[in-house]
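Below, chains carry the letters A, B, ... as their sequence lines are ordered, and counting in each starts from 1. What you see below is based on every heavy atom in this structure, not just the backbone, and it leaves out hydrogens, waters and symmetry mates. Fair warning: this is a prediction, and the values are worked out from it, not measured in the lab.
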Number of protein chains: 2
Amino acid sequence: MKRTRTIKADVTEATGGGTQSIERALGLLLDVGRADQHGARLTDLVTSSGLAKPTARRALGALVRAGLLDQDETSRRYHLGAESYVLGMLAAPRFGIHARAIDGLTRLSQATGDTAFLSVRRDLHIVCLHREEGPFPIRSHVLQAGDRHPLGIGAGSLAVLAALPDDEVDRVIAANTGIIQEKYPAYSPASLRSAVMRTRKEGYALNPGLLMKGSWGIGVAVCDPQGRPVYAVSLAAIEDRLDETRRRELIPMLKLEAEKLERLLRDAPT
Amino acid sequence: MKRTRTIKADVTEATGGGTQSIERALGLLLDVGRADQHGARLTDLVTSSGLAKPTARRALGALVRAGLLDQDETSRRYHLGAESYVLGMLAAPRFGIHARAIDGLTRLSQATGDTAFLSVRRDLHIVCLHREEGPFPIRSHVLQAGDRHPLGIGAGSLAVLAALPDDEVDRVIAANTGIIQEKYPAYSPASLRSAVMRTRKEGYALNPGLLMKGSWGIGVAVCDPQGRPVYAVSLAAIEDRLDETRRRELIPMLKLEAEKLERLLRDAPT
DNA sequence: ATTGGGAAGTCCATATAGTGGACCATATAA
DNA sequence: TTATATGGTCCACTATATGGACTTCCCAAT
C-alpha cells in the first residue's frame with residue numbers, strides 16, 4: 001500500500017537526514033573562521049563543537065586537504081586557508097555591497113570619531129562584516145569582524161530584527177531564546193520584544209551597554225529591494241558620546257548611508 | 001602482538017580515512033564556486049562530481065543549511081552563499097595582498113590597454129583571483145576569476161611552475177599528467193618541461209595561444225619571503241599585441257608590479 | 001634528570017549514518 | 001498527448017564514520 005503524501009511536495013524542506021558528518025565539518029569550518037586572527041586549537045574546537053577528538057580531527061583533516069583550512073606546522077593551530085579566501089572572492093560579486101559600503105563606513109567613522117560597523121543578516125543571527133575605527137581615542141572592541149550574535153543583540157542586530165514583520169520577529173526570538181538565556185544575561189525574550197517596539201517608534205536601534213557596560217551603540221537596517229532587512233549599519237561609542245542630543249545628530253548620518261546602500265542594492269543586478 | 005610502527009609518526013600524514021562524505025561535500029562547494037556567475041545546476045554537479053544524485057543533493061542541502069550555498073528558489077541553481085563571503089572576508093587579512101594588488105593590476109591594464117590578472121597557487125593548480133580589463137577593445141575572455149588550471153598551463157601558471165625547484169617541478173608535472181592529457185591537448189609533460197626551461201632563461205613566462213589560438217599571455221611569479229612562488233601577475237592580449245618587441249616593453253612593468261607585491265608580502269606580518 | 005599534565009595524534013570493533021537504485025513530480029519541447 | 005530532461009524523494013542495506021582508550025610529544029615545575 002502506498003503512503004499518502006499529505007503535503008504534496010510543497011517546496012523542498014524537511015530533507016536534513018544523512019548529513020551528520022558534513023554538518024559537523026562545516027560547523028568546524030565556521031568555528032575556525034570565527035577564531036581566525038589567532039587560529040583555533042584542536043582542543044578548543046573539540047570542546048566548542050562537542051565532538052569527539054578523532055571525529056573533529058578527521059573533519060579538520062578533510063578541510064585542510066580541501067584547502068579551506070591551513071594548519072600551522074609548528075603551533076598546530078588551524079586557520080582559514082587559501083580556498084576559503086578564493087571562495088569569498090568568488091562570492092563577492094553577489095554580496096558586493098561590502099566593498100562599496102566601506103567608503104560609507106569610513107565617512108561615518110571620520111565624521112563622528114567613533115567606530116562604524118557593517119553587519120549582514122544570516123537567518124537567526126547577524127555577522128559583523130566590517131569594522132572601521134574612527135579617530136576618537138577611547139574605542140570599544142566589543143564587536144569585531146566575524147563576530148556573530150542572535151538577532152536583536154546589539155544595535156545593528158536589533159535594527160534588523162525590528163525591521164522584520166511581526167510573525168518573523170516571534171519566530172526569531174523563539175528560536176533564539178535558548179542561546180539568549182544562556183549567553184546574554186542582560187537580555188530576555190520580553191526585553192527584546194519591547195526593544196523592537198522602541199526601535200520602530202524611534203526609527204533607530206539603541207544598545208545601551210547591554211553587551212558590555214559602558215559600550216553603547218546605535219544602528220539602522222538596510223533593506224533589499226523586496227524590503228527585507230539584510231544589512232545593518234551601526235556606530236559604537238562610550239556611553240558619554242551617545243546621549244540623546246548626540247544621537248539626534250548621528251542618526252541622520254547613519255540613515256543617509258543606509259539609504260545609499262539600499263540604492264546600491266536596487267541598482268546592482270544579481 | 002603489536003604492529004611495529006615502521007614510520008615512527010613522522011609528521012601527520014596518511015590520515016585520510018573516514019571522511020568520504022565530507023570530502024564529497026567540500027568538492028561540491030568548490031565546484032559551485034567555480035560555476036558561480038551563473039550558478040550550478042544539480043545535474044551538472046552530479047555529472048562533474050560523479051556522485052549519485054541523492055548523495056549530491058543531500059550534501060548540497062547541508063551546504064545550503066550552513067549558509068555556504070544559496071539555492072535560487074525559482075531556477076533551483078546553487079550559488080555561493082553569504083557564509084562563503086563572510087569566510088572570505090575573515091580570511092582576507094591572511095591573504096590580504098589581493099586588495100593591495102588590485103591597484104597594481106589597474107595600473108598595468110591602463111598602461112598597456114590589455115587585461116591583467118592576479119592568480120594564486122593552490123598546490124598543483126593555479127586559481128585566477130582577479131581580472132582587470134584594460135581599454136583595448138579586443139579582449140580575451142579565456143581566463144576568468146575563479147578559473148583553475150594545472151600549474152604550467154597559461155602564462156601566470158607557467159611562471160609559478162618555473163619558479164619552483166626542479167624536484168617539485170617534476171612532482172607537479174607527474175601529478176598533473178593525467179589531467180593535462182585529458183583536457184589540454186596543446187600541452188604535454190615534455191612541452192611543459194621545455195617551457196619551464198624557456199621561462200627560466202628568458203625571465204618571464206609566455207603562453208603563445210596554447211589554451212585558445214590567438215589568445216597570448218605573459219606572466220611573472222610573485223614569491224613569498226621564503227622564495228616560494230605563491231602568486232602570479234600576468235597579461236593577456238591577442239597575438240599581434242604580444243610580439244617580441246612589445247613584450248620587451250611590457251615585461252619590466254610586470255616585474256615592477258611583482259616586486260611591489262613581494263615587498264608587501266615581506267612587510268605584512270602573518 | 002624526573003615527573004606530571006596538557007595537547008596532538010592514532011587505532012579499531014561497533015552500529016550508526018550515508019549510500020544509491022529505483023521511482024515520483026514538475027517543466028519545457030515536440 | 002507523449003517525450004525528454006531536471007529536480008526531488010524513499011528506504012533496505014552495508015559501507016562508513018564514530019569515539020573510548022591509547023600513545024607520543026612537549027614543556028614547565030620539581
Side-chain angles (χ1 to χ4, degrees), chain A residues 1-28 32 35 38-66 69-79, chain B residues 1-28 31-32 35 38-65 69-79:
Chain A
M1 209 223 237
K2 268 221 227 147
R3 277 256 250 95
T4 321
R5 294 266 247 102
T6 326
I7 312 139
K8 45 170 171 173
D10 249 348
V11 191
T12 309
E13 264 168 50
T15 304
T19 24
Q20 268 221 104
S21 59
I22 298 175
E23 290 187 337
R24 289 167 167 190
L26 298 181
L28 285 170
V32 173
H38 320 286
R41 300 186 316 163
L42 176 59
T43 317
D44 300 338
L45 291 167
V46 165
T47 48
S48 76
S49 67
L51 301 174
K53 196 163 16 138
T55 305
R57 225 194 75 81
R58 258 174 309 175
L60 290 167
L63 289 162
V64 168
R65 276 191 302 276
L69 296 182
D70 286 342
Q71 184 173 22
D72 187 298
E73 294 221 348
T74 61
S75 77
R76 311 267 80 192
R77 279 162 186 262
Y78 295 90
H79 297 270
Chain B
M1 210 228 243
K2 270 225 228 143
R3 277 256 248 91
T4 321
R5 296 262 248 104
T6 326
I7 313 139
K8 43 167 169 175
D10 249 348
V11 190
T12 308
E13 263 168 51
T15 304
T19 25
Q20 268 218 99
S21 58
I22 298 174
E23 290 186 337
R24 290 168 167 190
L26 299 180
L28 285 170
D31 280 355
V32 174
H38 319 288
R41 299 185 318 160
L42 176 59
T43 317
D44 299 339
L45 292 168
V46 165
T47 47
S48 76
S49 66
L51 300 175
K53 197 168 12 143
T55 306
R57 227 195 75 81
R58 260 175 291 133
L60 290 167
L63 289 162
V64 168
R65 260 170 283 134
L69 296 182
D70 286 342
Q71 185 172 23
D72 186 299
E73 293 222 347
T74 62
S75 75
R76 311 265 81 191
R77 280 162 186 261
Y78 295 90
H79 296 270

Axis-to-axis angle across the helix from C:dA1-D:dT30 to C:dA30-D:dT1, five pairs each end, nearest 10 degrees, ~ 40°

Is any side-chain N or O of [X] closer than 4.0 Å to OP1 or OP2 of [N]?
| X | N | answer |
| --- | --- | --- |
| B:Gln71 | D:dG8 | yes |
| A:Thr55 | D:dA17 | no |
| A:Arg24 | D:dG19 | yes |
| B:Ser21 | D:dT16 | no |
| A:Arg41 | C:dA8 | no |

If you take all heavy atoms of [X] and [Y], which pair is closest and at what distance?
| X | Y | answer |
| --- | --- | --- |
| B:Leu63 | B:Ala25 | CD1-O, 3.5 Å |
| B:Tyr78 | B:Leu45 | CD1-CD1, 4.2 Å |
| A:Arg24 | A:Thr55 | NH1-CG2, 4.0 Å |
| B:Ala62 | A:Glu23 | CB-CG, 3.9 Å |

Ignoring hydrogens and angles, does a donor from either the side chain of B:Arg58 or the base of C:dG20 sit under 3.5 Å from an acceptor on the other?
yes

Assess whether one donor atom and one acceptor atom, taken from the side chain of A:Lys53 and the base of D:dG19, lie less than 3.5 Å apart. no

Provide, to the nearest angstrom, the distance between the [atom1] atom belonging to [X] and the [atom2] atom belonging to [N].
| X | N | atom1 | atom2 | result |
| --- | --- | --- | --- | --- |
| A:Asp44 | C:dG6 | CG | P | 14 Å |
| A:Arg77 | C:dG6 | CZ | C1' | 14 Å |
| B:Leu51 | C:dT19 | CG | P | 8 Å |
| B:Arg76 | C:dA25 | CZ | C1' | 13 Å |
| A:Leu60 | C:dG9 | CG | P | 10 Å |

Of A:Thr43 and A:Ile22, the one whose nearest nucleotide on DNA chain C sits closer to the 5' end is A:Thr43

**Message:** Measuring from the side chain of A:Leu42 (C-beta onward, heavy atoms only), which nucleotide among D:dG8, D:dA17, C:dG9 has the closest atom?
**Reply:**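 Given the options D:dG8, D:dA17, C:dG9, the side chain of A:Leu42 is closest to C:dG9.
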
Selected nucleotide, minimal atom distance to A:Arg57 side chain, candidates C:dT10, D:dC10, C:dA7: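 Taking heavy atoms from C-beta onward, the closest nucleotide is C:dT10.
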
Exercise for the section: Please tell me if the side chains of B:Leu42 and B:Arg77 come closer than 4.5 Å, counting only heavy atoms from C-beta onward. Expected result: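 Result no, sub-4.5 Å side-chain heavy-atom pair not found.
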
Step by step, work out the side chain to side chain contact (heavy atoms under 4.5 Å, CB included) result for B:Arg57 and B:Val46.
CA-CA 9 Å; B:Arg57 227 195 75 81; B:Val46 165; over 6 Å; no

- Item | Check: B:Thr47 side chain, B:Asp44 main-chain N or O, donor-acceptor pair, under 3.5 Å |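 Here the side-chain-to-backbone pair exists.
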
